[in-house]
Number of protein chains: 2
Amino acid sequence: MQIAEQAKTGAAAAGLTERQGAVLERALGLLVEGGERALTTAGVARAANCSKESLYKWFGDRDGLISAMITYQAGKVRTVEVDARALTAESLRKHLVAFAGDLIDVLSGDVSLALNRLAIGQASREGAGLGRLLQERGRRQIGKRAAALLEAGRKAKLLAFDTADAAYGTLYGLVVSDMHLRMLLGEDASALKKEFSPRAEKAVDAFLTLHGAKG
Amino acid sequence: MQIAEQAKTGAAAAGLTERQGAVLERALGLLVEGGERALTTAGVARAANCSKESLYKWFGDRDGLISAMITYQAGKVRTVEVDARALTAESLRKHLVAFAGDLIDVLSGDVSLALNRLAIGQASREGAGLGRLLQERGRRQIGKRAAALLEAGRKAKLLAFDTADAAYGTLYGLVVSDMHLRMLLGEDASALKKEFSPRAEKAVDAFLTLHGAKG
DNA sequence: CATTTTGCGTACCGTACGGTACGGTTCGCA
DNA sequence: TGCGAACCGTACCGTACGGTACGCAAAATG
């Protein structure tokens, strides 16, 4: 029975059975592969070897299933801690570059793109419920990491900015530009990632030009 | 033939009857109001007082209708010319700020958001056909304007950059950041526009800090 | 005026979806 | 061993959509 904790992958993080987590995993697979059209209750039940009745018992309705998928997926991401001690200009730059790379990785991920597409499609016909959820669970995490890193840089007198939020917005824009939108519109994600990853260092350099406290 | 038929709202631009343009206008209204779910062939026919049979005769099928909507809408936008003569640092900055404001206006427009949502939703289940179309018709226009402005600035020794594309990417990221995505996800567009419009000047200042040839 | 074209309104068909109901089966538990 | 809960597989229902066919009026065409 030692395999118990193997695939928690955020199932327990949302208070779900391991079985339910596996179902959500299959549902995410369907969504990635075929888009919203492929995310039918019957399809999920078939792919996950469960009954539709169980789906409705566990998640309420289709929207509940989708919400559960979002929180489940968000439970996977693990934010990395940065210790503020001994932060030099060089190590800060390294951390920023690593952060930029991780940001690109997250945004260009299959599941992330599929969930964003789903939430965007739902945003028109419904209140921004799913969109808000995705924003809260997804961006908040990586945004916290960025804020911590930026604050640490400021505390070490290596960065200067008014608010960490605004500075993060600048960094985000420099790194991402319109890459995310283009991927959402269907442009080849891996190709775009290859195009943008080398720019990460330049983006960080630009950010340091704007907010570095050294000059 | 002067500029008599200035803007038949882009109907003639796509080789369409005025009647067909009116139909597309109603279809865009439905899309803006109710999202993709509201864009049914029966709904469009009812809203536009035409028959479904005419819709299929004119546009082929539902995808053809959507494509026609995109090109029709794209035909509306008018790009502003910038004369490169007598470009001072101050006038360049003014032009850049105006461009940033127009960019925000375009991205936060109802119809633009609705069409982007539609294309993104379609991107998952189909090739990036609509996405590419939207990219070509929409971004190319405003991108050309930006490229012309940037090249003029370089010619006047006011800007320095490797390629106009990369510089435009930087400017775009500084101005837009994640505003577009947040609006697509359903966040209140007008509120976000109010939040980002004041940042346009700061974004342009940052861009000039990075690419201005004055220092 | 006769005829062809165009297009509106409606009815129709096949399909697919969300959601519900039900019989049968496994499994934990006393 | 008997019982109840959970759950699977499937069948079913109402609805709504994309697309097609038909009948008829109005306009265009000769």
Side-chain angles (χ1 to χ4, degrees), chain A residues 1 3-4 11-12 15-31 33-70 114 117-119 121-122 124-127 129-130, chain B residues 11 15-31 33-70 114 117-119 121-122 124-127 129-130:
Chain A
M1 302 297 182
I3 54 173
L16 297 174
T17 312
E18 187 172 341
R19 172 99 175 94
Q20 293 167 358
V23 170
L24 293 179
E25 198 70 46
R26 302 291 302 182
L28 285 172
L30 282 180
L31 179 65
E33 190 184 347
E36 179 172 5
R37 295 290 260 236
L39 195 70
T40 70
T41 56
V44 171
R46 197 180 322 118
N49 287 326
C50 74
S51 72
K52 287 172 69 175
E53 198 168 4
S54 301
L55 287 183
Y56 284 96
K57 171 181 284 186
W58 294 335
F59 307 111
D61 60 356
R62 189 173 182 268
D63 283 355
L65 172 68
I66 295 174
S67 299
M69 290 166 65
I70 292 178
R117 291 201 185 102
L118 180 60
Q122 191 109 353
S124 33
R125 55 176 173 265
E126 192 178 332
L130 285 186
Chain B
L16 297 174
T17 311
E18 188 171 344
R19 173 100 175 95
Q20 294 168 356
V23 170
L24 293 179
E25 197 70 46
R26 303 291 302 182
L28 284 172
L30 282 180
L31 179 66
E33 189 184 349
E36 178 172 6
R37 295 284 264 233
L39 195 71
T40 69
T41 55
V44 172
R46 197 180 323 117
N49 288 327
C50 73
S51 72
K52 287 173 66 175
E53 198 167 4
S54 301
L55 288 183
Y56 283 96
K57 173 179 283 187
W58 293 335
F59 306 111
D61 59 355
R62 189 172 182 269
D63 283 354
L65 172 67
I66 295 174
S67 298
M69 288 166 64
I70 292 180
R117 291 201 185 101
L118 181 61
Q122 191 111 350
S124 33
R125 57 177 171 264
E126 191 177 331
L130 284 187

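To find a chain, count down the sequence lines: A is the first, B the second, and so on, and within it residues start at 1.
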Would you name the heavy atoms of [X] and [Y] that are closest together and state the gap between them?
{"X": "L30(A)", "Y": "A47(A)", "result": "CD1-CB, 3.9 Å"}
{"X": "S51(B)", "Y": "A45(B)", "result": "C-CB, 4.0 Å"}
{"X": "S124(A)", "Y": "G35(B)", "result": "CB-CA, 3.6 Å"}

Is the shortest heavy-atom distance from the side chain of [X] to the side chain of [Y] under 4.5 Å?
{"X": "W58(A)", "Y": "L16(A)", "answer": "no"}
{"X": "N49(A)", "Y": "V23(A)", "answer": "no"}
{"X": "D63(B)", "Y": "Q122(B)", "answer": "yes"}
{"X": "C50(B)", "Y": "R19(B)", "answer": "yes"}

Contact pattern, 5' to 3', of nucleotides 10-24 of chain D - B, S or - by protein heavy atom under 4.0 Å | -------SBBBBB--
Straight-line distance of L55(B) CG to Q20(B) CD, nearest 0.5 Å | 10.0 Å
CD1 of I70(A) to CG of L118(A): how many Å apart, nearest 0.5 Å?
-> 6.5 Å
If you restrict it to nitrogen or oxygen atoms, what contacts under 3.5 Å exist between nucleotides 3-6 of chain C and the protein, and what is each distance?
none

For R62(A) and L39(A), run side-chain contact (heavy atoms from CB on, under 4.5 Å): C-alpha distance rounded to whole Å, both residues' side-chain angles, the deciding distance at 0.1 Å, then the answer.
-> CA-CA 9 Å; R62(A) 189 173 182 268; L39(A) 195 70; 4.1 Å; yes
Could you run down the sub-3.5 Å N/O contacts of the protein with nucleotides 25-28 of chain C?
none

Rounded off to whole Å, could you give me the CD-to-P distance for the Q20(B) and dC8(C) pair?
->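 Atom CD in Q20(B) sits about 10 Å away from atom P in dC8(C).
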Look at all strands and tell whether R46(B) reaches a base, only sugar-phosphate, or nothing, counting heavy atoms closer than 4.0 Å.
->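 Since no nucleic acid heavy atom lies under 4.0 Å of R46(B), the category is nothing.
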